[in-house]
Amino acid sequence: MSEGEHDIVVVGAGIVGICAAAYLAEAGRKVTVIDRTGICEETSSGNAAAFAFSDVLPMAQKGMAWQAPKWLLDPLGPLSIPPAYLPKLAPWLWRFLRAGSPARHEAALAAQASLMRLAEAEWMSLMDRSATRRMLREAGSLELYESEGEFKASLPGWDERERFGIAFQHLTRHELPEYQPGLSQQFVRGTFVPGWKTVSDPKLLGKAIWKHAETAGATFLPGEVALIMPSGDRLTIQLRQGRTLRAQKVIIAAGAWSHFLARQIGDRIPLETERGYNTTLPVYAFDLKRQLIFSRHGFVVTPLETGLRIGGAVELGGLRRPPNYARAKAMLDKAKQFLPGLKTEGGKQWMGYRPSLPDSLPVIGRARGAGNVHYAFGHGHLGLTQAAATGRLIRDLVLGQAPAIDLSPFSPQRF
Ligand SMILES: Cc1cc2nc3c(=O)[nH]c(=O)nc-3n(C[C@H](O)[C@H](O)[C@H](O)COP(=O)(O)OP(=O)(O)OC[C@H]3O[C@@H](n4cnc5c(N)ncnc54)[C@H](O)[C@@H]3O)c2cc1C
């Protein structure tokens, strides 16, 4: 192979691209990962660190659709849509609302549950192979409710999860301090999910997985991919910096920017970004026992090895608008109300771009116009959770093996 000739090029060094690279390198393929910033430096660097294997309900069914009107009234609430962005967003929103219809509900739920079963098995196995198990935290999660009404409204969702074998335990007000001391008295109920896991820091995990991929032979090339063109049985890849490469196969794992590249190969994929915000406080900010979930307020609090991370929210504002860090501050203020002993000084604010499809399922499959281009993007709120499973599935496809699960619900051509 000459200098410009490559076997497999992965575009994007977020957690999804890194996991795909690790699986392919382990299988003996020569992998080159191209990224314009670095290894897990963008959305995969600052997320809430959850391996949310039990989070099988698609967003449209998770109450977002019915809570949305109320949320939208609060300019710094859990959901916001800048009015100027609404016309561009309308087709995606329409598909999102349709995805919440009862007719599509069961299929999406079953697809998500099958991907989650694989996600858990693949992460545990990849962590063992890459010696990163020490980064796993198995303390479960605690979801909190401020009224009996809010708790009751959550019950159908828990019934759905129960059907898929997800264990949980509802808690009374009196049991809450045992699971998290120092909570405000305003919480009257909770649900503990023992199988929920977190990692000690998502960026450090991504970098450790990359080390493993590198040891297996993967290499990194800094650069921004401007163009991917099929040429004969190969692909030509042009970098914005002027260099041109050729590859036998390309994996597009460019997160919220993937649809720009997919369009060049003939697939129009309705990818949007759900921007999210957080603040990471110093580790000593609060003695947190496990991840706390405040669904009604659209944010979580996570204990990390590197700090205490408070954030979430959804801003459907596209890729170009500057961040509005007042959102991060609003969640921090609420967290102080919910955990009165929280020390709020010394925090670092962050915004990330969740890559989201309207049916809350990722795109994992072949391009329509080029059988040697594979897509691995659109994991929305669950990219960390589903990255290893996606790496496994991409490896199956590239090696021409039967995929570990039915991939039709994740087809790029489903829209
Ligand atoms: C606030 C928040 C909290 C979250 N919490 C969780 C959680 O607890 N658990 C969970 O599972 N998920 C969570 N997520 C979602 C998760 O972070 C994402 O789904 C995941 O990081 C997406 O990974 P990715 O590899 O697809 O994309 P990214 O991490 O965005 O990586 C894509 C990479 O592609 C590169 N790129 C793009 N275009 C090009 C190009 N043309 N050329 C070269 N490089 C390019 C970018 O530089 C980037 O590095 C959260 C997200 C947010 C915002």
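Numbers here simply count residues along the sequence, with the first being 1. Both counts, for ligands and for their atoms, begin at 1 and track the order of listing.
Taking 4.0 Å as the cut-off, Gly380 counts as a neighbour of ligand 1 on heavy-atom distance. At least one heavy atom of Gly223 sits less than 4.0 Å from an atom of ligand 1. Under a 4.0 Å heavy-atom criterion, Ala52 is not in contact with ligand 1.
Within the model, atoms CZ of Phe51 and CD of Glu138 stand 10.0 Å from one another, a figure rounded to the nearest 0.5 Å.
With ligand atoms numbered from 1 in the order given, ligand 1 contributes 10 (C), 11 (O), 12 (N) to contacts under 4.0 Å with heavy atoms of Leu382. Heavy-atom contacts of Thr37 reach the following atoms of ligand 1: 47 (O), 49 (O) (cutoff under 4.0 Å). Taking a cut-off of under 4.0 Å to the non-hydrogen atoms of Ala50, the atoms of ligand 1 that pass are 7 (C), 8 (O), 9 (N), 10 (C), 11 (O). The distance from ligand 1 to the heavy atoms of Thr385 drops below 4.0 Å at these ligand atoms: 9 (N), 10 (C), 11 (O).
Looking at ligand 1, you won't find any N or O of Val11 less than 3.5 Å from one of its N or O atoms. Among the atoms of Tyr277, none of the N or O lies under 3.5 angstrom from an N or O of ligand 1. Among the atoms of Ile15, some N or O lies under 3.5 angstrom from an N or O of ligand 1. The shortest N/O to N/O separation between Gln291 and ligand 1 does not fall below 3.5 Å. An N or O contact shorter than 3.5 Å links Val225 to ligand 1 by distance. Between Ala256 and ligand 1, not a single N/O pair is under 3.5 Å apart. Residue contacts with ligand 1: Pro355 is placed with no nitrogen or oxygen under 3.5 Å of a nitrogen or oxygen of the ligand (distance criterion only). At a 3.5 angstrom cut-off on N or O pairs, Glu42 counts as close to ligand 1. Remark: ligand 1 and Gly312 share no N or O pair separated by less than 3.5 Å (distance only, no angle test). At least one N or O atom of Arg36, backbone or side chain, sits closer than 3.5 Å to an N or O atom of ligand 1.
Judged by distance alone, the side chains of Glu315 and Asn324 never bring a donor and an acceptor atom under 3.5 Å apart. Side-chain contact, His105 with Glu160: a donor N or O sits under 3.5 Å from an acceptor N or O. Between the side chains of Arg309 and Thr280, a donor-acceptor pair is found at a separation under 3.5 Å. For the residue pair Thr302 / Gln291, a side-chain donor-acceptor distance below 3.5 Å is found, with atom types taken as modelled.
Side-chain atoms of Asp201 and Met135, non-hydrogen and from C-beta on, never get closer than 4.5 Å to each other. For the pair Leu292/Val300, no side-chain contact is recorded, criterion being any heavy-atom separation below 4.5 Å from C-beta on. At least one side-chain heavy atom of Ile251 sits under 4.5 Å from a side-chain heavy atom of Leu24. The shortest side-chain heavy-atom distance between Ile228 and Ile265 falls under the 4.5 Å cut-off.
The closest protein non-hydrogen atom to atom 27 (O) of ligand 1 is Gly255 CA, 3.4 Å. For atom 29 (O) of ligand 1, the closest heavy atom belonging to the protein is Ser44 OG, 2.5 Å. Here the heavy atom of the protein found nearest to atom 5 (N) of ligand 1 is Ala48 N, 3.0 Å. In terms of protein heavy-atom proximity, atom 33 (C) of ligand 1 is closest to Asp35 OD2, 3.3 Å. The protein non-hydrogen atom at the shortest distance from atom 4 (C) of ligand 1 is Asn47 CB, 3.2 Å. What sits closest to atom 10 (C) of ligand 1 on the protein, heavy atoms only, is His381 O, 3.2 Å. Closest to atom 31 (O) of ligand 1 among all protein heavy atoms lies Gly14 CA, 3.3 Å.
Looking at Met351 against ligand 1, nothing comes within 4.0 Å, counting heavy atoms.
Closest heavy-atom approach to atom 32 (C) of ligand 1 within the set Ala254, Gly206, Ala226, Ala20: this belongs to Ala254. When the heavy-atom distances from atom 51 (C) of ligand 1 to His379, Gln386, Arg354 are ranked, the shortest goes to Arg354.
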If you apply the rule side-chain contact (heavy atoms from CB on, under 4.5 Å), what do you find for His170 with Glu143, and how did you get there? CA-CA 9 Å; His170 294 312; Glu143 183 148 354; over 6 Å; no
The test is side chain to side chain donor-acceptor pair (under 3.5 Å); show your working for Gln386 and Gln112 and say whether it passes. CA-CA 10 Å; Gln386 298 177 338; Gln112 195 68 289; 2.8 Å; yes
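A salt bridge is absent between Glu146 and Arg189: the closest approach of a Lys/Arg side-chain nitrogen to an acidic carboxylate oxygen does not fall below 4.0 angstrom. A salt bridge links Asp396 with Arg392; the closest basic N to acidic carboxylate O contact falls under 4.0 Å. Salt bridge Arg161/Asp159: absent, no basic N to carboxylate O contact under 4.0 Å.
Ring-centre distance between Trp350 and Tyr325: not below the 6.0 Å cut-off. A distance below 6.0 Å separates the ring centres of Phe168 and Trp158.
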